[in-house]
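Keep in mind that the numbers below use all heavy atoms, side chains included, and drop hydrogens, waters and symmetry copies. Source: prediction; values computed, not measured.
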Amino acid sequence: MAFLVDHLSYTSRKDTTMLELRYSALSETGLVRPANQDTAHAGARVLAVADGFGASGAPASTAAVRALKSLDGEPLPGGSVLNLLEDAVQGAARAVREAAPGKDDGTTLTAMVWTGSQLGLVHIGDSRAYLLRDGELFRITHDHTMVQSMIDEGRLTPEEAVVHPQRALLLKALTGGAGSVVPDLRLCDALPGDRYLLCSDGLSTVVADEELRRLLGSAAAPDAAVRSLVEAAIDGGGPDNVSCVVADVVETEGGQRLG
């Protein structure tokens, strides 16, 4: 579904509500691939999904997520979180070059970092992030793929993109042969009741957005949501590794705030 900027644009909070994340992550090999090259992580501050490719795809995705996990234990001021994320991504790029030196090996990376009231989003590749707010599902990342660029230019419809023979061709990723990278960065204001989904394309190319919305909206907790999402991808044939992270923004008990 279309992403609406108004649902993520930052506005100063006018109340003193204390918020925290409740989260869960799950990654499965699927029914076709011989090994799992995805990495998924959910922590108190860092949520991340990376989808590795090539002969060294698994160590590449692991290295990228590990670089972001360095932010998991430190309080992060909202004003500088995007700068910290940009630095962390450059660290992830260096880690991927060391772990996967082949120019055709690499990984996508989609991650969010929690400040206590906002989420900093970093994205490169075709893994995705979604927001479920007030029952509506919004995709908040833009695929860095050839078919997405053709859609943007009006040369391809979304329906045609689904069956395009080069639908998996990435225009941007963390690879062994790449130098510095320019990720998409965004700061998202959080509201109680928000539910975020980060996933590899093993979920998003198999399970339609409307079904994602239904499954996310019907699961009581993040652990139930990730299980139902992965099961839906497996039921759809499980053609690829499938990974997802689900995080809920909730009011804390007793007014204790992380950050």
Side-chain angles (χ1 to χ4, degrees), residues 21 23 25-27 35-78 80-115 118-130 140-145 168-188 196-204 241-245 247:
L21 295 183
Y23 48 83
L26 186 60
S27 182
N36 192 353
Q37 294 187 307
D38 286 1
T39 300
H41 168 77
R45 295 190 185 279
V46 175
L47 315 169
V49 168
D51 181 355
F53 54 86
S56 300
S61 69
T62 299
V65 171
R66 184 182 296 123
L68 268 292
K69 286 168 64 177
S70 64
L71 302 177
D72 221 348
E74 298 297 326
L76 302 173
S80 63
V81 66
L82 294 185
N83 291 334
L84 291 173
L85 267 176
E86 188 165 15
D87 290 344
V89 169
Q90 300 310 322
R94 292 190 295 272
V96 168
R97 289 195 295 271
E98 293 175 2
K103 65 181 179 64
D104 295 324
D105 300 344
T107 185
T108 69
L109 179 64
T110 300
M112 304 189 86
V113 176
W114 175 242
T115 70
Q118 296 173 286
L119 284 152
L121 170 67
V122 60
H123 168 68
I124 184 166
D126 66 349
S127 296
R128 290 182 175 180
Y130 295 85
I140 59 175
T141 52
H142 199 69
D143 292 347
H144 298 140
T145 60
L169 181 61
L170 293 170
L171 297 181
K172 191 184 291 188
L174 301 174
T175 68
S180 61
V181 293
V182 181
D184 294 344
L185 295 165
R186 180 177 291 124
L187 197 58
C188 310
Y196 286 89
L197 165 66
L198 279 62
C199 65
S200 63
D201 67 342
L203 178 67
S204 59
N241 306 149
V242 53
S243 299
C244 56
V245 171

query: Any donor and acceptor pair, going by atom type alone, linking the side chain of N36 with main-chain N or O of N241 inside 3.5 Å?
result: no

- request: With sequence neighbours left out, write down each residue that passes side-chain hydrogen bond (donor to acceptor under 3.5 Å, both in side chains) with D184, or none if nothing qualifies.
  value: H144

message: So which atom in A93 and which in L174 form the shortest heavy-atom distance, rounded to 0.1 Å?
response: CB-CD2, 4.0 Å

task: State which residues pass side-chain contact (heavy atoms from CB on, under 4.5 Å) with A42; sequence neighbours excluded, sorted by chain then number.
output: Y23, A25, L47, V245

field: Criterion side-chain contact (heavy atoms from CB on, under 4.5 Å) on T108 and D201, from CA distance to verdict
entry: CA-CA 10 Å; T108 69; D201 67 342; over 6 Å; no

- line: T107 meets the side-chain hydrogen bond (donor to acceptor under 3.5 Å, both in side chains) criterion, sequence neighbours left out, with none

- prompt: Do the non-hydrogen side-chain atoms of V49 and C244 ever get within less than 4.5 Å of each other?
  reply: no

query: Among side-chain atoms of S27 and D38, is any donor-acceptor pair under 3.5 angstrom?
result: no

- request: Sequence neighbours left out, what passes side-chain hydrogen bond (donor to acceptor under 3.5 Å, both in side chains) with T110? Give chain and number order.
  value: H123

- prompt: Does the side chain of H41 come within less than 4.5 Å of V46's, by heavy atoms?
  reply: yes

- prompt: Are Y196 and L21 close enough, and set up right, to give a side-chain contact (heavy atoms from CB on, under 4.5 Å), and what steps lead you there?
  reply: CA-CA 10 Å; Y196 286 89; L21 295 183; 5.8 Å; no

query: How many angstroms lie between OH in Y130 and OG1 in T141, if you round to the nearest 0.5 Å?
result: 7.0 Å

field: side-chain hydrogen bond (donor to acceptor under 3.5 Å, both in side chains) partners of D51, counting only residues at least two apart
entry: none

- prompt: With D143, which residues qualify under salt bridge (charged side-chain N to carboxylate O under 4.0 Å, His left out), at least two apart?
  reply: R128, R139

message: So, using side-chain contact (heavy atoms from CB on, under 4.5 Å) as the criterion, who are the partners of L185 when residues are at least two apart?
response: L82, L85, E86, V122, P183

query: If only atom types and distance count, is the side chain of S80 paired as donor or acceptor with the main-chain N or O of N83 below 3.5 Å?
result: no

- prompt: With A63, which residues qualify under side-chain contact (heavy atoms from CB on, under 4.5 Å), at least two apart?
  reply: A95, A99

task: Return yes if some donor-acceptor pair links the side-chain N/O of S243 with the main-chain N/O of T39 below 3.5 Å, else return no.
output: no

statement: Note: G106 and V96 closest approach over all heavy atoms is CA-CG1, 4.4 Å

Donor-acceptor pair, side chain of K172 and main chain of V182, under 3.5 angstrom: yes

query: Do side-chain atoms of S127 reach the backbone of A50 as a donor and acceptor pair under 3.5 angstrom?
result: no

